[in-house]
Protein chains: 2
Amino acid sequence: MSFSFDDYISISIHKTDLAFTQYVKNKLAAFNIAPEQNLIIMLLLKNDGLTQIELAEKLNKDKTNIARMVYNLEQKGFIKRSPDVNDRRSLKVFLTDKGKELSNIVIPIAEEFNHVVTKGITDEELENLKVLLNKMRENLRS
Amino acid sequence: MSFSFDDYISISIHKTDLAFTQYVKNKLAAFNIAPEQNLIIMLLLKNDGLTQIELAEKLNKDKTNIARMVYNLEQKGFIKRSPDVNDRRSLKVFLTDKGKELSNIVIPIAEEFNHVVTKGITDEELENLKVLLNKMRENLRS
DNA sequence: GCAAAATAGTTGCTATAGCAACAAAATATG
DNA sequence: CATATTTTGTTGCTATAGCAACTATTTTGC
């Protein structure tokens with residue numbers, strides 16, 4: 001067999017992403033927030049009242065997933081959805097008071113996670129890494 | 001809000017992994033193979049007769065997922081499971097003839113995918129990238 | 001201004017992904 | 001060698017992840 005499985009950069013990236021998700025999942029479990037739900041919370045902390053489509057675009061995800069994650073967050077009482085008065089197709093997503101309180105939890109966890117992950121890696125290396133990742137995503141678009 | 005969402009390297013890696021998976025999924029769809037099922041096929045092409053636990057270790061995944069993916073591959077007729085004669089707890093996973101024929105499909109697709117992804121990126125950059133990804137995974141272990 | 005096309009969201013489907021609890025078998029330990 | 005522990009695989013649960021088809025709106029084009 002001429003190929004070497006572990007040489008594929010995609011495999012390396014996939015395994016890294018899995019490890020990241022698992023780590024964050026464990027950190028957030030005590031607060032009843034799943035990793036992707038957490039990303040939505042963080043987006044809303046920066047920009048409350050986004051529509052589901054806007055959330056989907058910012059997370060590069062299918063709107064179907066967003067709808068289900070947002071529904072779960074609503075069940076948990078962290079967010080509230082209300083129809084856009086100017087466009088009744090759209091649902092605007094707002095943090096509840098309970099959701100806003102998560103700020104004190106999720107941002108420190110995200111910062112600490114990022115700090116742990118990037119230990120021993122220079123800012124320049126991180127910048128190069130982001131450029132390469134962007135380039136690879138671009139390569140798939142064309 | 002002091003954090004900047006897109007600055008997290010984990011987000012960049014996650015989005016890249018999603019893009020990769022989606023691309024491969026589309027390439028493989030015509031052959032009735034899902035992306036992760038494809039990884040199992042490729043591992044078996046290199047090393048037929050691995051047990052489910054061995055597959056799980058090589059893919060850094062929970063054995064639960066492997067069991068279900070292998071079950072699906074068996075339903076599709078690509079693999080066959082038989083108990084290990086020396087250890088009746090273990091199931092050894094073998095490619096069927098139909099599974100072996102996939103070699104002509106999945107390896108070219110993997111090579112072509114890798115070629116497209118790494119366009120405009122030097123071997124040295126790829127090597128540095130792998131080192132950084134490994135370092136980040138290691139950072140989470142300690 | 002009305003039909004056609006586009007957009008936002010939902011439902012149903014399949015495929016990952018991991019944890020807890022379990023059964024069956026193998027290994028370790030006294 | 002009998003019991004305790006470990007190992008392999010399964011089942012049930014929850015949470016992503018995306019596609020196709022659908023409804024309800026809004027926008028476009030004529």
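Bear in mind the structure is a predicted one, so any value in this text is a computation, not a measurement. A note on names: the letters A, B, ... follow the listed sequences, proteins ahead of strands, and every chain is numbered from 1.
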DNA chain D: 5'-proximal contact among K25(A) and K63(A) (nearest heavy atom)
K25(A)

Is the F113(A) to Y8(B) ring centre distance short of 6.0 Å?
no

So which nucleotide from dG18(D), dG9(C), dC19(C) ends up closest to the side chain of D62(B)?
dC19(C)

Measure from the side chain of R89(B), starting at C-beta and using heavy atoms only, and say which of dA17(C), dA24(D), dT8(D) lies closest.
dT8(D)

Check whether any side-chain N or O of R68(B) sits under 4.0 Å from OP1 or OP2 of dC13(D), and answer yes or no.
no

Between dA24(D), dG9(D), dC19(D), spot the one nearest the side chain of Q22(B), thanks.
dC19(D)

For F78(A), is the NZ or CZ atom of K98(A) found under 6.0 angstrom from the centre of its six-membered ring and inside 45 degrees of the ring axis?
yes

Check the phosphate of dA17(D) against K61(A), side-chain N and O only, distance under 4.0 Å to OP1 or OP2. Yes or no?
yes

Side chain to side chain donor-acceptor pair (under 3.5 Å) partner of Q52(A), the single match among E57(A), K63(A), R81(A):
R81(A)

dT10(C) phosphate, OP1 or OP2, under 4.0 Å from R81(A) side-chain N/O
yes

Checking dG9(C), dA26(C), dA17(D) against the side chain of H14(B) (C-beta onward), the nearest is dA17(D)

The nucleotide from dG9(D), dA26(C), dG18(C) with an atom nearest the side chain of N65(B) is dG18(C)

Using heavy atoms to find the nearest nucleotide of DNA chain D for N26(B) and K76(A) separately, return the residue whose nucleotide is more 5′.
K76(A)

Please state how far atom CG in L18(B) lies from atom C1' in dA15(D), giving the value in whole angstrom units.
14 Å

Of all the choices, dG9(C), dG9(D), dA25(C), which nucleotide is nearest to the side chain of D87(B) once you look at every atom?
dA25(C)

With the side chain defined as heavy atoms from C-beta on, A67(A) is closest, among dT10(C), dA25(C), dA24(D), to dT10(C)

Indicate yes or no for a side-chain donor-acceptor contact from K130(A) to the backbone of I9(B) under 3.5 Å, with no hydrogens or angles considered.
no

Measuring from the side chain of A34(A) (C-beta onward, heavy atoms only), which nucleotide among dG9(C), dA15(D), dA26(C) has the closest atom?
dA15(D)

